[in-house]
Amino acid sequence: MIHSTVPERGPITAASFARLARQRLWEAPPLADPKAGISHPSDFDLSPSNWDDLMPGLKFRPAAVLVPIIARPEPTVLLTLRTTSMPNHAGQISFPGGTTDETDIEPLDTALREAREEIGLEPLQVEPLGYLDVYRSGTGFLITPVVALVAPDPSLVLNASEVESVFEVPLGFLMDPKNHSIEARLAGGRERLFYAMPHHDRYIWGITAGILRNLYERVVRP
């Protein structure tokens with residue numbers, strides 16, 4: 001059994017996490033300037049030299065994701081496995097979310113709408129806790145993560161064209177920096193460093209791992 005513990009804080013419960021999140025997260029969506037050099041967090045944090053090469057050709061689009069914390073006795077994070085037919089990040093592990101629609105007033109609207117469309121998670125099942133920092137991706141998205149509590153065993157209906165499956169990973173595992181490895185791969189002929197958080201047969205990396213790292217740094221780190 002993996003115990004949900006955080007260094008110097010002891011076991012994580014849904015209540016203790018929610019209390020810290022409300023204290024430390026943004027109450028309103030934070031603003032981000034995509035051209036403001038290197039700022040945390042982004043795909044470029046660990047490979048800042050790549051930013052200068054990529055920036056001139058990037059046109060950023062606003063997006064939002066839901067970071068669903070399942071309020072079990074030992075809380076978990078709900079993640080999705082995208083289908084291999086998706087145009088962006090196909091076959092990767094992600095949060096429910098997507099590009100901002102013209103009907104969305106704020107990032108919360110985007111995150112809730114996309115979660116409903118992708119996995120059938122109804123807004124009434126979601127208790128927003130706050131916003132993480134905007135995450136800039138190397139694929140040209142400005143992603144606003146919305147952190148929220150979700151009651152255990154929510155009623156879900158997967159959109160088979162977008163989501164292959166959903167699964168949960170213990171929050172304590174993901175919030176333990178010992179499980180945050182730094183790995184590398186070639187992208188565009190250059191080495192790119194990124195966070196990865198492998199859990200059993202699930203390989204969590206890239207944007208998803210970067211957002212989880214920001215969640216650790218903003219909410220959990222002493």
Side-chain angles (χ1 to χ4, degrees), residues 1-7 11-14 17 41 43 45-47 63 65-98 111 114-115 117-121 125 132 135 137-139 141 143 145 147-187 191-217 219-221:
M1 180 177 182
I2 298 174
H3 294 285
S4 292
T5 59
V6 175
I12 295 179
T13 65
F17 176 83
D43 277 348
D45 293 342
L46 301 176
S47 305
V65 298
L66 187 70
V67 182
I69 309 299
I70 307 299
R72 300 189 183 282
E74 192 158 2
T76 61
V77 178
L78 180 69
L79 295 166
T80 70
L81 178 63
R82 296 166 67 87
T83 62
T84 55
S85 61
M86 290 296 288
N88 294 299
H89 311 291
Q92 295 183 13
I93 291 170
S94 67
F95 296 109
E114 288 283 346
E117 293 175 1
E118 289 183 7
I119 62 174
L121 182 63
Q125 298 177 284
L132 282 169
Y135 188 98
S137 79
T139 49
F141 291 98
I143 305 168
V147 182
L149 282 183
V150 176
D153 304 313
S155 177
L156 302 178
V157 179
L158 305 190
N159 182 338
S161 65
E162 298 186 27
V163 178
E164 181 175 312
S165 62
V166 296
F167 61 97
E168 298 176 30
V169 177
L171 178 64
F173 175 89
L174 295 171
M175 294 298 99
D176 188 338
K178 294 194 300 292
N179 299 321
H180 300 178
S181 63
I182 296 176
E183 301 186 14
R185 65 175 55 183
L186 287 177
E191 184 179 66
R192 177 195 162 194
L193 302 178
F194 55 88
Y195 285 111
M197 303 171 187
H199 182 259
H200 299 312
D201 61 340
R202 305 293 189 177
Y203 186 66
I204 304 165
W205 71 288
I207 294 172
T208 303
I211 290 174
L212 287 167
R213 176 72 184 190
N214 187 229
L215 182 67
Y216 160 73
E217 292 176 345
V219 176
V220 175
R221 185 168 65 182

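This one's a predicted model, so the numbers in the text were calculated from it and none came from an experiment.
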- Given side chains that start at C-beta, do those of Ile204 and Leu79 come closer than 4.5 Å, heavy atoms only? yes

- Message: Once rounded to the nearest 0.5 Å, what's the spacing between atom CD1 of Ile207 and atom CZ of Phe194?
- Response: 12.0 Å

- Message: With rounding to the nearest 0.5 angstrom, report the CG to CD1 distance, Leu174 to Ile211.
- Response: 12.5 Å

- Message: Once salt bridge (Lys or Arg N to Asp or Glu O under 4.0 Å) is applied, do any residues pair with Arg72, and if so which ones, sequence neighbours excluded?
- Response: Asp153, Glu168

- Message: Tell me every residue that passes salt bridge (Lys or Arg N to Asp or Glu O under 4.0 Å) with Glu183, counting only those two or more places apart in sequence or in another chain.
- Response: none

- Item | Stepwise side chain to side chain contact (heavy atoms under 4.5 Å, CB included) check, Ile70 with Val77 | CA-CA 6 Å; Ile70 307 299; Val77 178; over 6 Å; no

- Just by distance, do the side chain of Thr80 and the backbone of Ser94 share a donor-acceptor pair under 3.5 Å? yes

- Query: Rounded to the nearest 0.5 Å, how far apart are CG of Leu66 and CD of Glu114?
  - Reply: 11.0 Å

- Item | Note, Met197 side chain near Trp205 side chain (heavy atom, < 4.5 Å) | no

- Message: With heavy-atom distances below 4.5 Å as the criterion, would you say the side chains of Leu215 and Met175 are in contact?
- Response: yes

- Determine whether Glu117 and Pro96 make a side-chain contact, defined as any pair of heavy atoms from C-beta on separated by less than 4.5 Å. no

- Item | By salt bridge (Lys or Arg N to Asp or Glu O under 4.0 Å) - contacts of Asp201 (at least two apart) | none

- Message: Test your reading of the model: is there a side-chain donor-acceptor pair from Asp43 to the backbone of Gly138, 3.5 Å cut-off?
- Response: yes

- Item | Partner set under side chain to side chain contact (heavy atoms under 4.5 Å, CB included) for Leu81, not counting sequence neighbours | Ile93, Glu164, Ser165, Arg202

- Would you mind reporting whether Asn214 and Tyr135 have side-chain heavy atoms less than 4.5 Å apart? no

- Message: To the nearest 0.5 Å, what is the distance between CD1 on Ile143 and CG on Leu132?
- Response: 11.5 Å

- Report yes or no: does Asn179 contribute a side-chain atom to a donor-acceptor pair with the main-chain N or O of Phe173 at less than 3.5 Å? yes

- Item | Spacing of CD belonging to Gln92 relative to CZ belonging to Arg82, to within rounding of 0.5 Å | 8.0 Å

- Using the side chain to side chain contact (heavy atoms under 4.5 Å, CB included) rule, take Val67 and Leu78 through it: C-alpha gap first, then chi angles, then the decisive distance, then the call. CA-CA 7 Å; Val67 182; Leu78 180 69; over 6 Å; no

- Message: Show the nearest heavy-atom pair for residues Ala196 and Pro198, with the distance to one decimal.
- Response: C-CD, 3.5 Å

- Query: Out of Ile69, Thr76, Leu121, which residue meets the side chain to side chain contact (heavy atoms under 4.5 Å, CB included) rule with Val150?
  - Reply: Leu121

- Query: With Thr208, which residues qualify under side-chain hydrogen bond (donor to acceptor under 3.5 Å, both in side chains), at least two apart?
  - Reply: none

- Closest contact, heavy atoms only, Arg213 versus Pro177: NH1-CB, 4.2 Å

- Contacts of Leu193 that satisfy side chain to side chain contact (heavy atoms under 4.5 Å, CB included) - sequence neighbours left out: Leu46, Ser47, Ile182, Ala184, Glu191

- Identify the two heavy atoms, one from Pro75 and one from Pro73, that lie closest to each other, and give their separation to 0.1 Å. CD-O, 3.6 Å

